[in-house]
Amino acid sequence: GVTPTMTVVEIWPSGGWYTEILAPYLAAHGTYIIADPAADPNGYTNPRKAWIAAHPALVGSLSYATFQPPTQVEVAPENSVDMILTFRNVHNWLPESSQLAALKGFFKALRPGGVLGVVDHRANPKIKFDPKSGYVQERALIKLATKAGFKLGSKSEVNANPKDRADYPDGVWTLPPRLRLGEKDKQKYLDIGESDRMTLKFLKPLK
């Protein structure tokens with residue numbers, strides 16, 4: 001649902017895969033805001049920064065916000081943003097109290113009718129949940145978002161992978177692209193592919 005005139009916040013873009021899509025799309029008539037921790041502990045920012053520096057004409061109206069839950073969650077002024085997007089980040093914001101603080105911050109920044117789009121590794125509901133696995137329980141996330149004030153607008157299975165059992169020795173990072181176990185059972189995990197991912201669209205009510 002992103003349109004070229006929107007104000008869009010991307011939370012923790014890491015290396016910038018979606019930056020290379022969103023920045024040019026919003027460059028002429030929209031606004032793109034990158035929300036990052038003050039210091040990226042994973043070192044993912046360099047590729048993104050290099051791309052931005054190399055493509056100034058494709059960046060347009062770009063600004064930055066600091067986002068580091070649970071304390072720094074105000075990514076934009078209240079009721080000023082059309083859409084907030086985050087891809088495979090919610091699992092990094094545990095415990096649930098920190099995730100809830102993040103969601104409340106998003107809710108505050110969005111205009112009435114605004115959209116929060118979330119993609120993350122989906123936990124297997126048939127096995128005991130391991131909070132250190134990198135997976136997120138879909139039902140729990142929807143419950144938290146509802147508690148923050150959102151309504152679930154829709155779901156998509158566009159990023160689903162039924163081969164992913166979500167029960168690996170090193171969590172989601174066992175699968176590609178990380179392949180944390182190295183050569184051990186490498187082909188097995190390549191055959192499974194990347195994680196099963198939920199894709200959720202939450203709405204801030206008009207009233």
Side-chain angles (χ1 to χ4, degrees), residues 1-3 6-26 30-49 51-52 59-111 113-122 134-138 140-142 144-150 152-153 155-156 158-159 172 195 197-204:
V2 182
T3 66
M6 281 185 171
T7 296
V8 178
V9 180
E10 186 181 359
I11 308 296
W12 285 11
S14 300
W17 198 96
Y18 282 98
T19 298
E20 296 185 27
I21 297 171
L22 292 169
Y25 187 67
L26 298 165
T31 300
Y32 176 51
I33 301 170
I34 287 175
D36 259 339
D40 189 341
N42 298 312
Y44 286 148
T45 57
N46 286 339
R48 187 187 73 229
K49 288 181 177 177
W51 182 88
I52 289 172
V59 172
S61 181
L62 171 65
S63 60
Y64 294 88
T66 301
F67 175 78
Q68 183 64 70
T71 56
Q72 293 177 299
V73 296
E74 294 186 7
V75 296
E78 188 172 359
N79 298 326
S80 67
V81 172
D82 298 299
M83 184 173 290
I84 297 177
L85 300 171
T86 190
F87 303 92
R88 304 188 306 282
N89 288 310
V90 176
H91 63 276
N92 293 311
W93 305 336
L94 286 168
E96 281 194 358
S97 59
S98 181
Q99 292 174 332
L100 180 59
L103 291 164
K104 286 182 175 179
F106 301 158
F107 187 87
K108 184 177 179 180
L110 284 165
R111 295 187 177 101
V115 172
L116 169 63
V118 179
V119 176
D120 216 324
H121 313 292
R122 178 164 46 195
Y135 289 91
V136 176
Q137 295 173 297
E138 183 174 302
L141 177 56
I142 293 171
L144 278 178
T146 302
K147 189 174 182 179
F150 287 101
L152 179 64
K155 302 180 183 181
S156 171
V158 67
N159 293 305
V172 71
S195 65
R197 295 167 188 169
M198 59 182 135
T199 305
L200 306 175
K201 181 178 182 178
F202 295 103
L203 304 173
K204 180 173 180 175

For this session: Apply the test side-chain contact (heavy atoms from CB on, under 4.5 Å) to residues Leu85 and Val2: give CA-CA distance (whole Å), side-chain angles for both, the deciding distance (0.1 Å), then the verdict.
Result: CA-CA 10 Å; Leu85 300 171; Val2 182; 4.2 Å; yes

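- The CG atom of Asp120 sits 11.0 Å away from the CG atom of Asn159 when rounded to the nearest 0.5 Å.
- A donor-acceptor pair under 3.5 Å is absent between the side-chain atoms of Ser98 and the main chain of Leu94, judged by distance alone.
- Leu100 and Leu144 get closest at one heavy-atom pair: CD1-O, 3.6 Å.
- Screening residues 75-91 for salt bridge (Lys or Arg N to Asp or Glu O under 4.0 Å), with sequence neighbours left out, gives Asp82-Arg111.
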Exercise. Should Val115 and Lys201 be marked as a side-chain contact (heavy atoms from CB on, under 4.5 Å) after you check the CA-CA gap, both sets of side-chain angles, and the distance that decides it?
Worked result: CA-CA 7 Å; Val115 172; Lys201 181 178 182 178; 3.8 Å; yes

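- Residue pairs meeting the salt bridge (Lys or Arg N to Asp or Glu O under 4.0 Å) criterion with at least one partner in residues 60-70, sequence neighbours excluded, are absent.
- Distance check: Leu22 CG to Ile33 CD1 gives 12.0 Å after rounding to the nearest 0.5 Å.
- By the side-chain hydrogen bond (donor to acceptor under 3.5 Å, both in side chains) test, Ser195 is found to be paired with His121, Arg197, residues two or more places apart in sequence or in another chain being considered.
- Minimum interatomic distance between Ser156 and Val158 (heavy atoms only, all atoms of both residues): OG-N, 3.1 Å.
- Side-chain contact between Leu116 and Lys204: absent, with no pair of heavy atoms (C-beta onward) separated by less than 4.5 Å.
- Checked against side chain to side chain contact (heavy atoms under 4.5 Å, CB included), Ala145 has the following partners two or more places apart in sequence or in another chain: Leu103, Phe150, Phe202.
- The shortest side-chain heavy-atom distance between Phe67 and Val9 does not fall under the 4.5 Å cut-off.
- Annotation: the span from Trp51 atom CH2 to Glu20 atom CD amounts to 5.5 Å, rounded to 0.5 Å.
- Of all non-hydrogen atoms in Arg122 and Tyr135, the two that sit nearest each other are O-CD2, 3.2 Å.
- Judged as a salt bridge (Lys or Arg N to Asp or Glu O under 4.0 Å), and not counting sequence neighbours, the contacts of Lys155 are Glu138.
- Listed by chain and residue number, Thr31 satisfy the side chain to side chain contact (heavy atoms under 4.5 Å, CB included) test with Ser61 (two or more places apart in sequence, or in another chain).
- Partners of Ser97 according to the side chain to side chain contact (heavy atoms under 4.5 Å, CB included) rule, which considers only residues two or more places apart in sequence or in another chain, are Pro95.
- Here the closest non-hydrogen pair linking Ile84 and Ala109 is CD1-CB, 4.3 Å.
- Asn79 and Leu110 make their closest contact through OD1-O, 3.3 Å (heavy atoms, listed as atom of the first residue, atom of the second, distance).
- Taking OG1 of Thr7 as the start and CE of Met83 as the end, the distance is 11.5 Å to the nearest 0.5 Å.
- A side chain to side chain contact (heavy atoms under 4.5 Å, CB included) with Pro13 is found for one member of Asn89, Asp36, Thr86 and no other, namely Asp36.
- Contacts of Tyr25 classified as ring-ring contact (aromatic ring centres under 6.0 Å, His included), with partners at least two apart in sequence or in another chain: none.
- Partners of Leu62 under the side chain to side chain contact (heavy atoms under 4.5 Å, CB included) rule, at least two apart in sequence or in another chain, are Tyr32, Ile34, Ile52, Val59, Tyr64.
- Here salt bridge (Lys or Arg N to Asp or Glu O under 4.0 Å) pairs that include residues 93-108, with residues two or more places apart or in two chains, are Glu74-Lys108.
- Contact annotation: the side chain of Val81 never approaches that of Val75 to less than 4.5 Å [non-hydrogen atoms, C-beta and beyond].
- The nearest pair of heavy atoms linking Gln99 to Val90 is NE2-O, 3.0 Å.
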